[in-house]
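Since the structure comes first, as structure tokens, the remarks are kept for the end.
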Amino acid sequence: MEELRSLLRRHVRPDQTTAIDGLHIAKIERSGPPSPSMSGVVLAVLVEGAKRLTVGERVHLYRPGDYLVASVDLPVSGHFVDATVAEPALGMALVLEPALIADLLQHAGPGDLPRPAGPVPGIAVGKLTDELLDSLTRLVRLLERPRDQAVLAPMLKREIHWHLITGEQGAAVRQLGLADSSMNHITRAARWIRDNYAEQFRVEDLAKRSGMSPSGFYRHFQTVTALSPIQFQKQVRLQEARLLLAAHPRDIATVAHRVGYDSASQFSREYRRQYGVPPSQDVVA
């Protein structure tokens with residue numbers, strides 16, 4: 001862990017990007033209140049500090065020695081715990097690649113990686129193994145060897161993905177590589193809601209689009225996302241509204257309509273319930 005910590009300290013940038021595609025490094029020097037975002041489909045590891053991530057009613061806390069894996073892009077609320085300039089939080093994230101997972105599954109022996117019996121949560125925390133830590137360290141080490149990145153980075157990403165699909169939270173990661181898995185059906189439905197968040201929809205229509213019964217779809221969606229389809233849409237709408245209000249602070253009614261609300265008063269109530277203050281005060285803050 002010490003070598004990885006040292007590498008991340010040397011290569012962190014203000015925009016969190018690195019020279020290796022899909023690899024991000026972040027340093028956070030203040031905690032702040034929980035902030036909404038989309039989780040992305042990622043592996044996240046902290047070497048300093050701790051982070052609390054909430055999706056629906058589920059709360060995930062991870063710190064050095066843990067890893068968090070998000071196998072579905074979900075609306076979440078998160079914050080770093082007790083981060084300060086003197087003791088910042090420091091960590092890395094690697095974007096997961098479904099095509100790479102599918103290829104690894106094809107090379108695995110039959111029966112070695114059984115399919116899950118049912119849906120699994122889209123976000124989970126596991127214990128960081130020595131093997132996974134070693135692979136991650138060698139990947140970050142490539143930032144100091146630019147000549148080797150094009151050849152070795154894909155190999156190390158493949159190794160990291162293998163450790164994930166065979167590890168503690170492998171069931172969720174493996175479903176990313178299975179085109180007909182229940183998680184991928186739910187992922188496609190969640191993506192449709194995210195892309196069309198301002199539109200009304202019927203759960204029955206989404207279920208039909210996913211090839212499931214309405215009751216089965218609803219149950220699977222809640223297991224994977226920790227939200228009902230309507231709650232998922234509401235979370236996405238409110239996140240988009242907050243972004244729009246930052247650019248158009250005086251136009252609350254128009255923003256409410258743009259994200260799908262017919263009633264500005266209903267929008268204000270749900271916004272306050274989500275963020276603790278009405279939109280007019282949140283914009284001022």
Side-chain angles (χ1 to χ4, degrees), residues 30-42 51-61 68 70-81 119 121-123 183 185-210 212 214-215 217-285:
R30 69 181 186 91
S31 293
S35 61
S37 66
M38 297 301 293
S39 66
V41 180
V42 298
K51 187 173 185 180
R52 182 176 287 110
L53 202 67
T54 302
V55 52
E57 297 298 318
R58 297 178 193 155
V59 179
H60 305 278
L61 179 68
L68 178 139
S71 48
V72 182
D73 190 15
L74 297 178
V76 298
S77 176
H79 75 286
F80 290 89
V81 180
I123 293 181
M183 179 173 287
H185 290 310
I186 297 304
T187 296
R188 286 190 287 271
R191 186 181 302 121
W192 186 91
I193 296 173
R194 200 166 58 245
D195 292 343
N196 302 276
Y197 61 84
E199 298 183 21
Q200 300 293 332
F201 66 85
R202 297 194 318 146
V203 172
E204 292 81 359
D205 294 336
L206 279 181
K208 184 177 181 180
R209 185 192 300 266
S210 303
M212 298 181 182
S215 60
F217 172 79
Y218 192 91
R219 185 175 63 254
H220 280 62
F221 197 97
Q222 281 200 306
T223 299
V224 171
T225 69
L227 300 163
S228 72
I230 298 302
Q231 288 172 327
F232 186 98
Q233 181 190 49
K234 185 186 297 184
Q235 294 277 319
V236 174
R237 281 180 170 182
L238 293 173
Q239 285 191 12
E240 292 295 327
R242 205 177 200 195
L243 292 173
L244 289 170
L245 285 169
H248 307 284
R250 300 183 183 277
D251 213 353
I252 293 172
T254 300
V255 167
H257 180 73
R258 282 186 61 180
V259 299
Y261 284 89
D262 294 327
S263 165
S265 60
Q266 181 190 1
F267 167 70
S268 293
R269 286 195 303 272
E270 294 188 353
Y271 193 100
R272 181 170 190 163
R273 192 177 301 123
Q274 177 70 20
Y275 299 122
V277 292
S280 56
Q281 293 182 23
D282 198 26
V283 168
V284 172

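- The heavy-atom pair separating Pro214 from Glu204 by the smallest distance is CG-CG, 4.1 Å.
- With rounding to the nearest 0.5 Å, the separation of CD in Gln200 from CG in Asp205 is 12.5 Å.
- Environment of CZ in Arg58: crowded, with over 12 heavy atoms of neighbouring residues, nucleotides or ligands closer than 6.0 Å.
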- Apply side-chain contact (heavy atoms from CB on, under 4.5 Å) to the pair Tyr271 and Gln281, showing each step before the final yes or no. CA-CA 11 Å; Tyr271 193 100; Gln281 293 182 23; over 6 Å; no
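- Surrounding CG of Asp262 are at most 12 heavy atoms belonging to other residues, nucleotides or ligands under 6.0 Å away.
- Taking CD1 of Ile252 as the reference point, atom OG of Ser268 lies at 6.0 Å (rounded to 0.5 Å).
- With a 4.5 Å cut-off on side-chain heavy atoms, Thr225 and Val55 do not count as touching.
- Of the residues Val59, Leu74, Leu68, the one that meets the side chain to side chain contact (heavy atoms under 4.5 Å, CB included) test with Leu53 is Leu68.
- Gln235 and Gln274 form a side-chain donor-acceptor contact under 3.5 Å, judged by distance and modelled atom types alone.
- Expressed to the nearest 0.5 Å, how far NZ of Lys234 lies from OG of Ser228 amounts to 8.0 Å.
- Rounding to the nearest 0.5 angstrom, the gap separating the NE2 atom in His257 from the OG atom in Ser263 is 12.5 Å.
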- Worked verdict on Thr187 versus Val41 for side-chain contact (heavy atoms from CB on, under 4.5 Å): CA-CA 11 Å; Thr187 296; Val41 180; over 6 Å; no
- Message: Pair Tyr261, Glu270 - check side chain to side chain donor-acceptor pair (under 3.5 Å), show working.
- Response: CA-CA 10 Å; Tyr261 284 89; Glu270 294 188 353; 2.4 Å; yes
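- In this structure, the separation between NE2 on His185 and CZ on Phe221 is 14.5 Å, given to the nearest 0.5 Å.
- Heavy atoms from other residues, nucleotides or ligands lying under 6.0 Å from CZ of Arg188 number more than 12.
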- Task: Before giving the answer on side-chain contact (heavy atoms from CB on, under 4.5 Å), spell out for Phe217 and Arg209 the whole-Å C-alpha distance, their side-chain angles and the decisive distance to 0.1 Å.
- Result: CA-CA 10 Å; Phe217 172 79; Arg209 185 192 300 266; over 6 Å; no
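- Distance alone, capped at 3.5 Å, is enough to place a donor-acceptor pair between the Ser39 side chain and the Val72 backbone.
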- Message: Apply side-chain contact (heavy atoms from CB on, under 4.5 Å) to residues Asn196 and Phe201 and explain how you reach the verdict.
- Response: CA-CA 9 Å; Asn196 302 276; Phe201 66 85; over 6 Å; no
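- Listed here is the closest heavy atom pair of Glu199 and Arg237: O-NH2, 3.8 Å.
- The shortest distance between side-chain heavy atoms of Pro279 and Val255 does not fall below 4.5 Å.
- With a 4.5 Å cut-off on side-chain heavy atoms, Met212 and Ile186 count as touching.
- Listed for the Ser31 side chain is a donor-acceptor partner under 3.5 Å among the backbone atoms of Phe80.
- A donor-acceptor pair is defined here as one N or O able to donate and one able to accept, closer than 3.5 Å; no such pair exists between the side chain of Glu240 and the backbone of Arg194.
- At least one donor-acceptor pair closer than 3.5 Å links the side chain of Ser71 to the backbone N or O of Gly122.
- The line from CZ of Phe232 to CD1 of Ile230 is 12.0 Å long, rounded to the nearest 0.5 Å.
- Within 6.0 Å of the NE2 atom in His79, the count of heavy atoms belonging to other residues, nucleotides or ligands exceeds 12.
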